[in-house]
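It should be emphasised that the depicted structure is a prediction, and the values quoted were computed from it without experimental measurement. The chain is numbered in sequence order, starting from 1.
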Amino acid sequence: MLIAQLSDLHIKAGRRKAYGVVDTAAHLETAIAHLLSQPVPPDAVVLTGDLVDHGSREDYGLLRQLLKPLLDQSSTLPCYLLAGNHDETNELREAFPEHGYLRSTTALPHYAVTLGGGALRLIGLNTTIPGQSAGQLNAESLTWLNEQLSSDPTPAIIAMHHPPFATGISHMDEIGLANREAFEALTLSHSHVKRIICGHLHRAIETLFGGVIASSCPSTAHQVVLDLRAGAPDQFIMEPPGYQLHRWDGVRFLTHTVVVGKFNGPYRFRNTRGLID
Ligand SMILES: [Fe+2]
Ligand SMILES: [Fe+2]
């Protein structure tokens with residue numbers, strides 16, 4: 001089964017450019033068209049937060065329009081939304097009333113859904129703190145997660161906005177996830193957690209965390225500058241945008257990072273006489 005991950009869309013009402021520079025609406029349209037033209041279509045799509053830039057009703061109105069090519073296929077291609085620090089949970093819920101999983105009984109809308117006819121469980125963890133850029137998994141969230149994992153042994157993939165690891169990009173680490181040690185201990189204690197996928201970092205980054213690969217996905221629009229100096233300035237760069245495809249074969253996950261853009265090719269390696277010289 002193939003799970004597509006789109007992240008950090010940062011949509012602004014009126015198609016206004018993010019930071020006055022980035023046409024995030026056009027980038028999302030391009031990313032969705034690219035995803036839907038994949039030779040093997042995904043079985044589900046997960047959007048890991050910062051769906052919009054300022055959390056307004058109007059932002060979500062445009063997001064809904066832009067996601068229409070995906071939402072129109074929801075009977076065969078379910079689409080799961082997750083809030084990031086730029087989102088407003090209540091506005092998100094109201095803009096997507098048919099997404100009932102956003103209305104869980106927990107104070108934060110964590111959710112657990114099954115994919116692929118029950119072969120896999122997707123657990124969406126809401127790591128946001130209202131009004132703050134940093135994230136957390138508080139005691140209530142970890143209790144909820146432990147209950148979910150203890151009550152169902154189905155292999156699980158956890159999606160969350162704030163990654164539970166430091167990156168060396170100092171300004172992003174300053175707005176990282178609190179309480180990650182407790183989360184790591186919890187993940188280690190449940191061997192049916194097979195993968196952790198995140199957003200927030202606007203770059204593809206991977207590490208081992210709690211016994212599984214944890215990673216962040218590129219943004220569909222702008223990327224965070226790779227600068228590992230202490231105190232590096234917080235800057236973004238228009239490196240090629242992208243998304244990820246997480247392939248579950250029943251035993252392990254494998255991730256393809258997809259670069260979105262116009263590139264020469266494809267070219268053939270071989271002609272009728274063999275490898276082209
Ligand atoms: Fe973001
Ligand atoms: Fe973020």
Side-chain angles (χ1 to χ4, degrees), residues 4-35 45-56 58-60 62-63 66-67 81-88 92 127-129 131-135 159-178 197-207 214-245 255-263:
Q5 180 186 8
L6 304 181
S7 200
D8 293 273
L9 291 47
H10 288 267
I11 298 304
K12 292 175 82 76
R15 301 181 72 104
R16 288 196 304 126
K17 292 182 177 178
Y19 311 103
V21 174
V22 190
D23 189 347
T24 52
H27 278 294
L28 179 56
E29 288 168 332
T30 303
I32 290 174
H34 194 284
L35 174 62
V45 183
V46 185
L47 293 93
T48 44
D50 288 353
L51 307 175
V52 303
D53 204 38
H54 278 281
S56 71
E58 293 75 22
D59 283 354
Y60 287 108
L62 177 56
L63 174 67
L66 295 170
L67 292 180
L81 307 173
L82 199 57
N85 51 296
H86 284 257
D87 289 294
E88 286 290 338
L92 171 61
T127 54
T128 63
I129 307 170
Q132 293 192 35
S133 298
M160 55 204 289
H161 182 65
H162 295 84
F165 51 83
T167 63
I169 301 175
S170 56
H171 64 93
M172 295 307 295
D173 290 342
E174 285 166 15
I175 56 170
L177 184 81
I197 59 173
C198 314
H200 193 52
L201 297 175
H202 293 235
R203 299 197 69 80
I205 302 174
E206 306 86 28
T207 191
S215 64
S216 62
C217 183
S219 166
T220 52
H222 48 299
Q223 314 306 317
V224 165
V225 170
L226 177 57
D227 186 340
L228 300 177
R229 293 173 297 174
D234 57 335
Q235 301 183 104
F236 65 87
I237 188 168
M238 298 314 296
E239 288 177 6
Y243 59 90
Q244 291 185 321
L245 295 172
T255 295
H256 295 278
T257 298
V258 184
V259 177
V260 176
K262 285 192 167 61
F263 307 104

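- Contact record, Leu92 with Ala83: CD2-CB, 4.2 Å, taken as the closest heavy-atom pair.
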Q: Apply the test side chain to side chain contact (heavy atoms under 4.5 Å, CB included) to residues Leu67 and Leu47: give CA-CA distance (whole Å), side-chain angles for both, the deciding distance (0.1 Å), then the verdict.
A: CA-CA 11 Å; Leu67 292 180; Leu47 293 93; 4.0 Å; yes

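- Residues in residues 231-242 take part in these salt bridge (charged side-chain N to carboxylate O under 4.0 Å, His left out) pairs, two or more places apart or across chains: Arg203-Glu239.
- With a 4.5 Å cut-off on side-chain heavy atoms, Val22 and Lys17 do not count as touching.
- Lys12 is not listed as a side-chain neighbour of Ser56, based on a closest heavy-atom distance of 4.5 Å or more.
- Residues that satisfy the salt bridge (Lys or Arg N to Asp or Glu O under 4.0 Å) test with Arg15, not counting sequence neighbours, are Glu29.
- With hydrogens and angles ignored, the 3.5 Å screen pairs no side-chain donor or acceptor of Thr220 with any backbone N or O of Ala31.
- Closest approach of Leu82 and Asp87 over heavy atoms only: O-OD2, 4.2 Å.
- Under the side chain to side chain contact (heavy atoms under 4.5 Å, CB included) criterion, Val21 pairs with Phe236, not counting sequence neighbours.
- Remark: His10 engages Asp50, Asp53, His202 in a side chain to side chain donor-acceptor pair (under 3.5 Å) (not counting sequence neighbours).
- In this structure, Asn85 CG and Ser133 OG are separated by 5.0 Å, a value rounded to the nearest 0.5 Å.
- Atom CG of residue Leu81 and atom CG of residue Leu9 lie 9.5 Å apart, to the nearest 0.5 angstrom.
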Q: Evaluate the criterion side chain to side chain contact (heavy atoms under 4.5 Å, CB included) for residue pair Val224 and Leu201; output intermediate values, then yes/no.
A: CA-CA 7 Å; Val224 165; Leu201 297 175; 6.0 Å; no

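- Summarising the geometry, atom CG belonging to Leu6 is positioned 7.0 Å from atom CG belonging to Leu28; distances are rounded to the nearest 0.5 Å.
- Separation of atoms CG (Asp227) and CD (Gln235) is listed at 7.5 Å; rounding is to 0.5 Å.
- One finds the CZ atom of Phe165 at 8.0 Å from the CD atom of Glu206 (value rounded to the nearest 0.5 Å).
- With a 4.5 Å cut-off on side-chain heavy atoms, Pro163 and His200 count as touching.
- Residues that satisfy the ring pair (Phe, Tyr, Trp, His ring centres under 6.0 Å) test with Tyr60, not counting sequence neighbours, are absent from this structure.
- Between the His222 side chain and the Met238 main chain, no donor and acceptor come within less than 3.5 Å of each other.
- Donor-acceptor pairing under 3.5 Å is recorded for the side chains of His34 and Tyr243.
- Counting all heavy atoms, side chain and backbone alike, Cys198 lies closest to His161 at CB-O, 3.8 Å.
- Ile11 is listed as a side-chain neighbour of Thr24, based on a closest heavy-atom distance under 4.5 Å.
- When all heavy atoms of Gln223 and Ser219 are compared, the pair lying nearest together is NE2-O, 2.9 Å.
- Rounded to the nearest 0.5 Å, atoms CG (Asp59) and NE2 (His86) are 11.0 Å apart.
- Minimum interatomic distance between Gln5 and Thr48 (heavy atoms only, all atoms of both residues): NE2-OG1, 2.9 Å.
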Could you pull out all donor-acceptor pairs under 3.5 Å where a side-chain atom in residues 168-177 meets a protein atom, sequence neighbours excluded?
residue, atom, partner, partner atom, Å
Ser170, OG, Gly231, N, 3.2
Ser170, OG, Ala232, N, 3.4
Asp173, OD1, Thr167, N, 2.8
Asp173, OD1, Thr167, OG1, 2.9
Asp173, OD2, Thr167, N, 3.3
Asp173, OD2, Gly168, N, 2.9

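- Counting heavy atoms from C-beta outward, Thr257 and Pro218 have side chains that approach closer than 4.5 Å.
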